[in-house]
Amino acid sequence: MFQRSLKLFNNNSNRLLLRSNNFKSINGQNSGVLVQKGLNQKRLFSTQQQANQVEAEDEIAPDEVIKAEEKIQENERVIGLSEKLNFQTETQKILHIVAESLYTEKEVFIRELISNSSDAMEKVRHAQLTKPELIEEGSIPFEIKISTDDDKKTLIIQDSGIGMTKEEMIKNLGNIGYSGSSEFLKKLGESQDKSSIIGQFGVGFYSCFMFTPNLLPLVQRVIFGESDGSGSYTISEADNVSRGTKIIIHLKPNSYEYSKKSTVENIIKKYSSFVGFPILLNGTAVNTIRPLWTLNKNAITEEDHKQFFQYLSKSYDTPSYHIHFSTDTPLSIRSIFYVPSQHMEKYGMGKMEPGVSLFSRKVLIQQKAKGILPDWLRFIRGVVDSEDIPLNVSREHLQDNGLIQRISSVLVKRILKNLSEEAKKDPAKYNNFIKEFGGFFKEGIITDFKWKDDISKLLRFETSDKADEICSLEEYVSRMKPNQDHIFFVSVPNRTVGQLSPYYEPFKLKGIEVLFLYNQVDEFVLSQLGYFGDKKIVSVESKEAEEFLLSNQEKKDQTLSQADIDKFLSWVQEVAGEKVSTAKATTREISSPAIVIDHESATFRRMYKMLEPGKAMETTKQQVEFNMNNPIILKLHQQKDSNPLVAKLVIDQIVDNAFASAGLIEDNREMIPRINQLLETVLNK
Ligand SMILES: Nc1ncnc2c1ncn2[C@@H]1O[C@H](COP(=O)(O)OP(=O)(O)OP(=O)(O)O)[C@@H](O)[C@H]1O
């Protein structure tokens, strides 16, 4: 009877096609077979050989040749009569939703079946501890065997798990939304580890219906088969079945890719590399990498980390740091992060993608997950595994954004803390790291208000005091003079310009250390940061710097009388009024003849220019302060009336020099004719 029904099934392709029409997207022309054997049961049968008409067979290139012994054998035999049962009404209604729209990535059906197999073997492990007498064939190794057959267009998955009895099969598979695994977990005591069971929704198995309208799970005495998911299925008795479950999926033409070893191997590696049991694909183990984040820190060697990092980053690089972090409160998180030794963004290779993948119970949920770490930590590679992450039934989306943000906060805090510790442990190594990756942290300060203070502790800058050395803001503050209440910086293209800057000069005279910023973005970053602790961060060109210098300065005698100074300044105003808005005598201790004060930042000016590259930047009039004790100014004062032509050339050059020191000269070529004239004058004397 059963054979007849099989025959009927096989031969009646019209019937199959008719059923497939009920499932538009799955277009079923295929059937699948699952063979199972339950706890302490005798024989389960399997198999329904698919009577598919393969339409596009010739178009598929043959996969690599797989030896017969590497394939999973199909030895099961039907020994009883088949029984026809109906899916539960709700299941009939929901199944097409599952098959048509639940999963955006079809390939996840392999993940779902592997996860089911893993759960089934976990249940055997548990039973071995609690009811060993019930476990048949206790010596069978725990393995998930998968074999592909590009000729037959089949994919077989077999495990040595707990299997299902006829009743369990009807309950679990004939009834969508019922999860035997979730029931199993409920029965486990509070103290028992529940993290290794993956299934919770009672839906995953139905992902197979994306590929075949006919699943034939076969259990001892049970064949769950001939189902298109919309109506009925049959159950029959089987013989020659070993412990566990076997699913044979006969693929439909538009899914033939899943009968190729390479395709299936990639999917297993992508989603199920870390499932806790060996997965043998056509006889070869494919999940050979250990999930390091689940292991005890002390059990992991540097070489293990290197290999794991290379696996995650698909590179041959050695990680500069690893951060292995686990916690159970307030959420359960197991994670591992790696900092590479270099990054490619600096070569203009485009923005890196996030490098952290999200797992739940060792099964991949999202590769390169956005939102787990902020964008500015995109150079970090790693894995975050949390069984507390509320997943939707397809395991593709995270349900609770607030929770993800909380997890993210915990992780960012930990990463920043670890890096601070590394900086203390080995400053030289850390300095190399921050030179390479500092840009990401600066981006963090600009874009992520929440973390700017924490990130600021990781930054390093060169200062006026030590060439070729970088220091933290904390170290700078610890070296501040007692009367100094600000952190001062000067933004310059290089150290030499910094040392010669008239703005830095009075600080140098007072022995005040100043941060030398060489990167255009640095000034912007520090302005965004505003403060480090209670210390304001200001430019040496700022009002605050001016006030600081004023209040810490001894009064110096002027060489000229106040009347002469006023005369000189009004002369400047008259002859150089094109560029000078106000001329003043400076109070700054500078050696140069003049200095521009209270002007716009040269860095910001350059940044605006970058934003509007074609736009000509006007240099507006500036306040210029003159050093009335400077020898050039004194001579100029003497000659301004007697030698007006040369005096005009000199004052214009002095003003331009001050503009140049402030970074306000757009193009110094405009000075050349004047300098030549001055040279001529000098030589003619
Ligand atoms: N290979 C298997 N061996 C033993 N039992 C299985 C197997 N596959 C499925 N089952 C049983 O069928 C039930 C339903 O499986 P299904 O994949 O639909 O959902 P689930 O794994 O429980 O949950 P989820 O939808 O979260 O994956 C499982 O809970 C399990 O009891």
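Indexing begins at 1, ligand by ligand and atom by atom, following the structure's order.
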Exercise. Pick whichever of L113, D159, N116 has a heavy atom sitting closest to atom 17 (O) of ligand 1.
Key: N116
Quiz item: Does at least one non-hydrogen atom of G161 fall below 4.0 angstrom from an atom of ligand 1?
Solution: no
Quiz item: Looking only at non-hydrogen atoms, which of T245, N172, I157 approaches atom 11 (C) of ligand 1 most closely?
Solution: N172
Quiz item: For ligand 1, which part of E112 has a heavy atom less than 4.0 Å away: the side chain, the backbone, both, or neither?
Solution: side chain
Quiz item: Taking non-hydrogen atoms only, is I247 closer than 4.0 angstrom to ligand 1 via side chain, backbone, both or neither?
Solution: neither
Exercise. Hey, can you tell me if Y311 and F274 have their rings parallel, tilted or perpendicular (30° and 60° cut-offs)?
Key: perpendicular
Self-check item: Closest approach of F308 to I289 (non-hydrogen atoms, all atoms of both residues)
Solution: CD1-CG2, 3.6 Å
Practice problem: For K123, counting its heavy atoms only, list the atoms of ligand 1 lying under 4.0 Å from any of them. | Solution: 30 (C), 31 (O)
Quiz item: Sequence neighbours excluded, which residues qualify as side-chain contact (heavy atoms from CB on, under 4.5 Å) partners of P374?
Solution: W376, L377, S408, V412, D448
Practice problem: Pick, from S118, A120, S117, the option with the minimum heavy-atom distance to atom 4 (C) of ligand 1. | Solution: A120
Quiz prompt | Contacts of H324 that satisfy side chain to side chain donor-acceptor pair (under 3.5 Å) - sequence neighbours left out | solution = none
Quiz item: Is F309 close to S315 at the side-chain level, that is, under 4.5 Å between some pair of heavy atoms?
Solution: yes
Practice problem: State, without any angle test, whether D149 and S259 hold a side-chain donor-acceptor pair at a distance under 3.5 Å. | Solution: no
